[in-house]
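Residue numbers run from 1 in the order of the sequence given.
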Amino acid sequence: MAKLTVEDLPLEGKKVLMRVDFNVPIKDGVVGDDNRIVAALPTIKYVIDHGGRAILFSHLGRIKKEEDKPGLSLRPVAERLSNLLNKPVTFVPVTEGKQLEDAIDNMNNGDVLLVQNTRYEDVKDGEYVKRESGNDPELGKYWASLGDVFVNDAFGTAHRKHASNVGIATNMPGKAAAGYLMQKEIKFLGDAVDNPERPFVAILGGAKVSDKIGVIDHLLDKADKIIIGGGMAYTFYAAKGIKTGDSLVEKDKIDVAKQILDKAGDKIVLPIDNVVADKFDNDANTKVVEGDIDDGWMALDIGPKSVKEFEDVLKDAKTVVWNGPMGVFEKPNFAKGTLEVGKFLGTLADATTIVGGGDSTAAVKQLGVAGKLTHISTGGGASLTYLEGKVLPGIAAISEK
């Protein structure tokens, strides 16, 4: 990889600013799922083991008014991180000023400090000013002035141009490097798209074609097959003249879907049967239908024949990238298609299997097959942007080797 990595930086005695992704669920002051904190540990440990002073920045949730701030403090994250590292973590409850500067000046080599939620800067004096998420140049310059070098290990925000990633990197007098997690994401997603072992199969799901048009278009030139499930499949049904009943269809995207199908030839694989329901409800009446869907019924999951068809496409794959559910995964009665696909991916021992996106990731974890997959991406939106072939600002701002 052509980017500097944390191992390329001088760390001994240095103030190492690190952008991490600690955007984790917190309820009643307790971290609910610490996967993202655990994912950042290798880079944090490398920095402190090599005598660096780790100064961590992260956002948490969205802050649009002063009342949002108390419930989105990173204090519980500092406590959880301290437990995971088995050492004290200094939490600074502000994002700028003397209290933060003094705390950094008092650090010793190997110490860890966590700055308050960077999105506190989005609201100033009660006004929603988006200093952090709008990449305010003065804020990026200020944060950069607090350290000697910068490590970006937050792939989950790499598709965003924020003060805490791009702002710090571009104003850093020292070098900006990628952490281990960022390296891993670039390697697996980059290799999958640009240098895949073939056959390369992409599985794309989710509700809307409009969210994935760029991805489908980019992958048509790269993948051997693209499996399409979830609500977006029925816009393709409409493009093929198949009746969709009350299923989700983006009418303004039917022509785009037609163009994609014309370009794709036999590359795109759609569901051949569907679980349909008479209302959008977990306890609705359901049946499995092939082909046309009658009025009064909506497709909410792929059917058993589609699962078998998708498995046949996947069984010889050497590279698989999966983003998005096959049905309404949040409703248990319509989660089966997504879970079956996840279960089958776990059996592909000789393939590179990469999963991104909230529901797809939740499915493989629920099934207990996460450990059998090659890589679970920590960034849903960022991985999608990467799969579209677009430049990710957070990665572009890292120094070249």
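- By the neighbour-count criterion of 12 heavy atoms within 6.0 Å, atom NZ of Lys308 is sparsely surrounded, having that number or fewer from other residues, nucleotides or ligands.
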Query raised in the report: What do the steps show when you test Glu121 against Thr95 for side-chain hydrogen bond (donor to acceptor under 3.5 Å, both in side chains), and what is the final call?
Result: CA-CA 7 Å; Glu121 287 289 342; Thr95 45; 2.7 Å; yes
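- Counting heavy atoms of neighbouring residues, nucleotides and ligands inside a 6.0 Å radius, atom NZ of Lys87 exceeds 12 of them.
- For Glu127, the CD atom sits in a loose shell: 12 or fewer heavy atoms of surrounding residues, nucleotides or ligands are nearer than 6.0 Å.
- Results of the salt bridge (charged side-chain N to carboxylate O under 4.0 Å, His left out) test with Asp8 over Lys3, Lys401, Lys175 single out Lys401 as the only residue that passes.
- You'll find the ring centres of Phe334 and Phe329 outside the 6.0 Å limit.
- Note on Glu67 versus Lys65: no salt bridge recorded, every NZ/NE/NH1/NH2 to OD/OE distance being 4.0 Å or above.
- Heavy atoms from other residues, nucleotides or ligands lying under 6.0 Å from NZ of Lys208 number 12 at most.
- Within the structure, every pair that satisfies the side chain to side chain donor-acceptor pair (under 3.5 Å) test and touches residues 20-37, not counting sequence neighbours, is listed here: Asn23-His59, Asp33-Asn35, Asp34-Arg80.
- Counting heavy atoms of neighbouring residues, nucleotides and ligands inside a 6.0 Å radius, atom NZ of Lys305 does not exceed 12 of them.
- Checking side-chain atoms of Thr90 against main-chain N and O of Leu113 turns up no donor-acceptor pair under 3.5 Å.
- Contacts classified as side chain to side chain donor-acceptor pair (under 3.5 Å) and involving residues 134-143 (residues at least two apart or in different chains) are given here: Glu101-Tyr142.
- The residues Asp191 and Lys187 are annotated as salt-bridged, a charged nitrogen and a carboxylate oxygen being separated by less than 4.0 angstrom.
- Between Phe155 and Tyr386, the angle of the ring planes lies from 30° to 60°, which puts this pair in the tilted group.
- No donor-acceptor pair closer than 3.5 Å links the side chain of Lys14 to the backbone N or O of Arg53.
- No hydrogens or angles considered: a donor-acceptor pair under 3.5 Å links the side chains of Tyr234 and Asn274.
- The side-chain hydrogen bond (donor to acceptor under 3.5 Å, both in side chains) check on Gln99 picks up nothing, with sequence neighbours excluded.
- Side-chain atoms of Asn117 do not come within 3.5 Å of backbone N or O of Leu74 as any donor-acceptor pair.
- With hydrogens and angles disregarded, a donor-acceptor distance shorter than 3.5 Å links the side chain of Tyr120 to the backbone of Lys69.
- Remark: side-chain polar atoms of Thr5 are not paired, donor with acceptor, to backbone N or O of Ala178 under 3.5 angstrom.
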